[in-house]
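This chain uses plain numbering: 1 for the first residue, then up along the sequence. In each ligand, atom 1 is the first atom listed, and ligand 1 is the first ligand listed. In what follows, every heavy atom counts, from backbone to side chain, and hydrogens, waters and symmetry copies are set aside.
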Amino acid sequence: MKEIAIIVPVYNEELSIPVFFNEFVKFSNKLQNVHYKANVLFVNDGSTDRTAEVLTEFINQTPNSSALFLSRNFGKEAALFAGLEHAQSDLIIPMDVDLQDPFELIFEMIKAYEQGADVVLAQRSNRASDTFLKRLSAQWFYKLNNKMSALKLQENVGDFRLMTKQVVDEIVQLQENQLFMKGLMSWVGFKTTQITYTRPARLNGKTKFNYLKLWNLAVEGITSFSTLPLKVWTYFGTFVAFVSFLYGLKIIIEKLFFGIAASGYASLMVAILFFGGVQLIGIGVLGEYLGRTYLETKRRPRYIIKNQIQNKENNV
Ligand code: UDP
Ligand code: MG
């Protein structure tokens with residue numbers, strides 16, 4: 001019988017965990033009818049509420065469940081990576097604990113897998129459960145990213161996807177510390193198909209991703225897979241230098257042949273401020289890449305595991 005591992009990063013989710021377990025047990029029973037076995041692996045990402053206690057209690061009473069406890073909050077990307085590194089099953093599916101990723105969909109994913117897919121993406125057919133601003137910013141991000149980067153990201157596809165063990169084995173080989181999981185998971189390639197679903201609203205509590213975090217994730221995504229923001233300055237600089245040269249020529253000709261005095265304060269100010277601003281933006285972009293290079297060179301671990309618990313079916 002093939003096994004499926006569900007990977008669930010959790011951060012301060014004491015309220016969602018009991019409901020999730022309830023759904024997991026139901027799902028697990030149904031899955032046996034189609035001859036698969038379900039495991040669940042939680043990654044407690046340094047929660048500060050009662051998540052750890054609630055998790056331990058439920059894992060003790062639920063077969064085929066286990067959890068990694070990270071030493072602090074490392075962020076969802078690192079927590080997910082930890083889960084992928086520790087998953088042992090034939091098929092692996094990252095999921096949110098807030099039931100925004102419906103269990104029911106996994107049956108469809110399995111069908112697609114049985115038809116030969118290595119990766120089955122779950123695309124949100126609408127984002128009604130997100131705010132207007134989040135939808136708009138997500139749309140811009142995908143557009144911008146797909147224009148700039150050789151790696152094309154599927155629009156409105158989250159981390160919720162089925163992957164074979166072979167795919168996951170390749171993902172966890174990737175060396176970077178600054179993780180943009182969605183990018184890494186598609187970078188490895190393999191035969192990919194897609195199913196669509198309507199994403200329900202969060203079970204309870206609020207999203208852990210505010211706009212600042214989303215912005216940082218977006219910058220991470222673009223800088224991880226594209227150097228276009230760096231290269232563009234070469235062309236922009238060349239263009240500006242060329243225009244400046246023509247303008248300089250004009251001033252010299254005017255002065256020599258027509259005796260027109262230097263133009264005034266306004267044009268000087270505009271030129272100084274414009275070039276000052278442009279240079280600062282250029283330095284800022286450089287800084288984004290340099291900062292990431294700096295962090296990568298430290299080779300710090302992506303996460304630290306404090307302890308680990310598991311409940312195996314035949315374990316006593
Ligand atoms: N999460 C995590 N570490 C963090 C933030 C979030 O492990 O630092 C988990 C969270 O508990 C949830 C999943 O990542 O299971 C997705 O988070 P959330 O539902 O807030 O994101 P959204 O669905 O709004 O994108
Ligand atoms: Mg969610």
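Between the Mg ion (ligand 2) and D101 there is no N/O/S contact shorter than 2.8 Å.
Note on D96: its N/O/S atom closest to the Mg ion (ligand 2) is OD2. Nearest N/O/S atom of D98 with respect to the Mg ion (ligand 2) is recorded as OD2.
For the pair R72 and F74, the cation-pi criterion (under 6.0 Å, within 45° of the ring axis) is fulfilled.
Side chains of E85 and Y303: a donor-acceptor N/O pair is present below 3.5 angstrom, by distance only. Defined by atom type and a distance below 3.5 Å, a donor-acceptor pair is present between the side-chain atoms of T48 and N12. For K2 and Y113, the side-chain atoms include at least one donor-acceptor pair closer than 3.5 Å. No side-chain N or O of Y235 forms a donor-acceptor pair with one of K231 less than 3.5 Å apart.
For ligand 1, the 4.0 Å heavy-atom shell contains residues P9, V10, Y11, E13, D45, N73, G75, K76, D96, V97, D98, Q100, K134, R199, R202, T207, K208, F209.
The environment of K165 atom NZ is dense: over 12 non-hydrogen atoms of other residues, nucleotides or ligands sit within 6.0 angstrom.
The ring pair (Phe, Tyr, Trp, His ring centres under 6.0 Å) test with F21 singles out one residue from F27, F42, F103, and that residue is F42.
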